[in-house]
Every structure is written in C-alpha cells, then in structure tokens.
Amino acid sequence: VRGLKGITYLEKLESEMNGYGQLLRELVAEEGGHNSSPRTREEIEAEIRHVGKDLVDLSLRLSDFEHSRVQQIVKSLKTKIVFFASILLLLGSFLTVLVTRKIVKPLTVIEGTTKRIAQGDFKPLPVVQTRDETQSVVEAFNTMISELEKRQDQLVQAQKLSSLGILTSGIAHQLNNPLNNISTSCQILQEEIDGGNSEFIDKLLHNIDQEVDRSRDIVKGLLEFSREREFQESRINLENLVIRTTRLVASQLPTGVEVFTEIPEELDIIVDAQKLQEVLLNLLLNAAQAMPDEVGHITITAAEDTKAKQVEILVKDTGCGIPEDHLPFIFDPFFSTKEVGYGTGLGLWVAHGIIERHKGTLSVASRVGDGSVFTIRLPLSEQNHLGD
C-alpha cells in the first residue's frame with residue numbers, strides 16, 4: 001500500500017492541470033471579449049502564475065518521490081541479493097562440510113588404508129555408526145582386509161613349507177652325522193663297559209652327550225622355523241639369530257660356497273625373530289643358487305646407524321647377478337628367474353612383506369656377473385642401542 005503513494009500525486013497533478021486549463025480558457029475568453037468571469041485579466045494571469053508554480057512544485061515533488069522509490073527498490077534489491085548470497089554461501093559451506101564428512105573423508109581414509117595394506121599393514125578401519133552407504137563400504141573393506149590377511153598368511157606358510165621341503169633333505173644329512181657318532185660311541189662303550197678305562201668311558205659318554213645336544217639344536221632350529229604363530233616382536237641378539245640361520249641352511253649350501261658374518265656381538269634389535277630368520281634364510285638360499293659352478297662366498301654384515309635411527313643388514317654374494325630389466329619386478333609375487341620346479345616366485349615377495357611389516361625396507365643392488373647385495377633397513381627404537 002505504501003508503494004501506491006504516487007497515485008495521490010498524480011491525481012492532484014491531474015486536478016491542478018485541469019484548473020490550469022480552465023484559467024487558460026478564461027484568459028483566451030478575456031482576450032476575445034467573451035469572458036463571463038468577474039475576474040480581470042491581471043487577476044487571471046496572477047492565478048495562472050500561481051497555479052503554474054504549484055504545478056512545477058508538484059511535478060518536482062512527484063519526481064523526488066519516484067526517485068526515492070527507485071532508490072528504495074535498489075536498496076531492497078541489494079539487501080535481498082546479499083541475503084540470498086549469504087544463504088547460498090552458508091548452504092554451500094554446509095554441503096561442503098557434509099560431503100567432506102560423509103564422502104571425501106571416508107574415501108581419504110580408505111585410500112590411506114589401501115596404501116597401508118600394500119605395505120603389509122592389515123589393521124582394520126574404525127567403523128563409524130553412520131547407518132548409510134559409507135558404513136557399509138567400511139565394513140566391506142574391513143572384511144576384505146581380513147580376507148587379504150588370511151590369504152597372505154597362507155602364502156607365507158606356503159613359502160615356509162616350500163623352504164622346509166628344501167631344508168628337509170639337508171637336515172636329514174645333518175642329523176645323520178651326529179647319529180652315526182652316537183651309534184659308534186655306544187658300540188665302543190658296550191665293548192669297554194666291563195673292565196674298561198673309566199677315563200675313556202667318560203670321554204665316550206661326553207661325546208654322546210655333545211652329539212645329542214647337536215642333534216637337539218638341529219631339530220629345535222627346524223621346529224622353531226616351521227612353527228606357525230602370530231606376528232610377535234621381541235628383543236633378540238642379531239648375531240645369534242644369524243648364526244642359527246646359517247647353521248640351519250648350511251646343509252643346503254654347496255661345498256664351494258662359504259658364508260662369512262660380520263655382526264657386532266652386542267647388537268640387539270626388536271623384531272619378530274622367526275620372521276626375520278625366514279627373510280635371511282630366503283636370501284641365503286637365493287644367493288647360494290645364484291653361484292656359478294657352485295663356488296663363491298656370501299657375506300652377512302650389520303651396523304647400527306644412530307643418525308638415521310636404523311639398523312642396516314647387508315647380504316652380499318658373488319653370484320651371477322640379476323639382469324637390470326628384472327630388478328623392478330624382483331619383489332613381485334610369483335616372479336621368478338629360476339627354472340620351473342626350482343622356485344615358487346614367492347620368496348622375495350614374502351621377505352619384502354615381512355620387512356615392511358617391521359616398518360623397514362628391503363632393497364637390492366645387482367649387476368650381471370658382479371653378484372647382488374640385498375639391504376635390509378629396520379627402524380632403531382630407543383631400546384635397540386648397542387650395549388643396552
């Protein structure tokens with residue numbers, strides 16, 4: 001209703017215009033001598049000037065009114081534009097937060113978890129009770145993680161069984177020597193038991209005891225390696241672990257292949273001993289199989305890098321080396337350069353996964369004809385320092 005105030009101005013202007021027209025007609029009649037009005041010419045002209053002035057003032061007021069109305073409309077439009085723009089901005093911010101929380105953030109978490117899984121970490125995602133598709137995706141993803149972990153454990157166990165198959169014949173040969181010594185000592189002991197030299201008998205009994213301990217250590221090492229258990233880190237002496245591993249694999253090394261170790265005696269690390277032993281065993285067997293004419297040597301060294309906060313283990317061989325075009329695929333599952341029946345292609349892949357599960361790295365440098373160097377880098381915790 002306030003917007004219709006201009007109509008009163010128009011009606012008044014129309015009324016004033018009619019009065020102005022009447023005065024003009026009276027003036028014309030006065031000029032022709034036909035004026036019936038009692039007013040004189042001067043009075044009519046004065047009235048015309050007065051009404052004309054009112055018309056001008058009324059027109060100006062009408063113009064100002066319309067101008068102010070236009071300004072009010074423009075101001076109202078600006079206010080409405082700002083208001084609606086603010087609403088759109090708030091709505092956009094709300095939708096952005098909603099999309100980020102419901103879609104982008106879960107996808108980012110899933111992407112990060114995928115990369116973590118590729119590194120061997122199978123920790124499941126936390127499930128938020130959103131009761132929507134996102135929750136279903138996360139639950140399905142956790143199911144997939146669980147299945148992948150089971151499959152990897154199965155592949156690791158399959159690789160371990162494959163290694164055990166390789167070791168079995170050698171272990172039998174290793175056991176044969178102490179058993180022969182025990183048998184021979186028992187036969188001599190039976191002959192010397194009656195009236196024999198007591199010092200000689202004690203020596204035979206001591207020899208039997210040593211050979212029994214030797215056999216027990218061989219079987220114990222094999223059982224520890226073959227036993228399947230959950231990933232469990234503990235503090236171990238690296239030198240002792242390397243010695244046990246070299247003893248376990250000794251029977252599988254050709255007579256022309258020698259193993260040298262340079263491990264600090266006091267170097268303790270926190271790892272899963274069984275898993276790390278499996279890595280070292282795999283690297284030793286691969287190095288032995290790469291020796292041309294079954295002659296060469298393998299060197300295992302280790303050092304603590306306190307600046308980088310890590311332990312570096314090197315397994316170097318004088319074998320035939322790895323072709324350069326094979327190096328990018330050396331840690332891929334089922335990739336093997338060996339003849340059919342001499343490898344599963346899982347050994348280095350499993351070893352790589354074990355080291356990554358320790359949050360470390362396994363890399364290789366090799367050149368055909370110059371041998372290979374496998375480098376294991378494991379993080380050094382505060383409890384790993386030498387002499388602790």
Side-chain angles (χ1 to χ4, degrees), residues 1-117 123-145:
V1 175
R2 289 195 299 269
L4 300 179
K5 286 183 178 181
I7 295 178
T8 59
Y9 286 99
L10 291 175
E11 290 177 347
K12 189 173 182 180
L13 182 61
E14 184 180 8
S15 175
E16 292 291 336
M17 288 292 291
N18 290 334
Y20 190 77
Q22 180 63 32
L23 289 173
L24 289 177
R25 285 191 292 272
E26 288 184 14
L27 182 60
V28 171
E30 177 65 27
E31 289 291 336
H34 304 293
N35 185 18
S36 57
S37 173
R39 291 183 294 183
T40 64
R41 176 186 176 85
E42 289 76 10
E43 291 176 343
I44 295 173
E45 288 178 350
E47 182 70 18
I48 288 174
R49 286 193 293 272
H50 178 71
V51 174
K53 183 177 180 300
D54 289 341
L55 283 172
V56 172
D57 292 340
L58 186 60
S59 298
L60 290 175
R61 288 198 300 273
L62 178 60
S63 175
D64 291 340
F65 173 76
E66 293 298 333
H67 183 266
S68 65
R69 288 297 300 156
V70 170
Q71 292 295 328
Q72 291 176 4
I73 291 172
V74 172
K75 184 178 179 180
S76 176
L77 288 175
K78 288 182 179 179
T79 303
K80 291 178 180 177
I81 290 174
V82 173
F83 175 74
F84 285 111
S86 301
I87 289 182
L88 289 175
L89 182 61
L90 291 174
L91 183 61
S93 301
F94 173 75
L95 289 176
T96 301
V97 172
L98 183 64
V99 170
T100 301
R101 183 176 179 182
K102 294 290 186 179
I103 300 177
V104 177
K105 186 177 179 180
L107 289 178
T108 303
V109 173
I110 291 175
E111 180 185 7
T113 304
T114 304
K115 294 179 181 179
R116 182 161 49 81
I117 291 172
K123 183 179 179 181
L125 290 171
V127 179
V128 181
Q129 299 298 324
T130 56
R131 302 184 184 280
D132 56 11
E133 290 79 3
T134 303
Q135 180 181 345
S136 301
V137 170
V138 172
E139 290 175 349
F141 200 81
N142 284 341
T143 302
M144 182 190 70
I145 291 175

**Study point:** Value rounded to 0.5 Å, distance of CG in L58 from CD in E14
**Key:**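 So the gap between those two atoms works out to 11.5 Å.
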Review point. Could you state the interatomic distance from OG (S59) to CE (M17), rounded to the nearest 0.5 Å?
Key: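 Between atom OG of S59 and atom CE of M17 there are 8.0 Å.
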Exercise for review: Please list, chain by chain and in numerical order, all residues satisfying side-chain hydrogen bond (donor to acceptor under 3.5 Å, both in side chains) with E43, sequence neighbours excluded.
Suggested key: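 side-chain hydrogen bond (donor to acceptor under 3.5 Å, both in side chains) list for E43, sorted by chain: empty.
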Check your understanding: R61: what forms a side-chain hydrogen bond (donor to acceptor under 3.5 Å, both in side chains) with it, not counting sequence neighbours?
Key ->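 Not a single residue meets the side-chain hydrogen bond (donor to acceptor under 3.5 Å, both in side chains) criterion with R61.
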Donor-acceptor pairs are to be reported for all side-chain atoms of residues 44-56 against protein atoms at under 3.5 Å, with residues two or more places apart or in another chain.
unit_1, atom_1, unit_2, atom_2, d
E45, OE2, R41, NE, 3.2
E45, OE2, R41, NH2, 3.2
H50, NE2, D54, OD2, 3.3
K53, NZ, D57, OD2, 3.2

Exercise for review: Report yes or no: does S15 contribute a side-chain atom to a donor-acceptor pair with the main-chain N or O of E11 at less than 3.5 Å?
Suggested key: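 No; zero donor-acceptor contacts below 3.5 Å.
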Exercise for review: State, with a plain yes or no, whether a side-chain heavy atom of Y20 is found less than 4.5 Å away from one of E16.
Suggested key: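 No, their side chains stay 4.5 Å or more apart.
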For residues 76-95, tabulate all N or O donor-acceptor pairs below 3.5 Å that involve a side-chain atom, not counting sequence neighbours.
unit_1, atom_1, unit_2, atom_2, d
T79, OG1, K75, O, 2.9
S86, OG, V82, O, 2.8
S93, OG, L89, O, 2.9

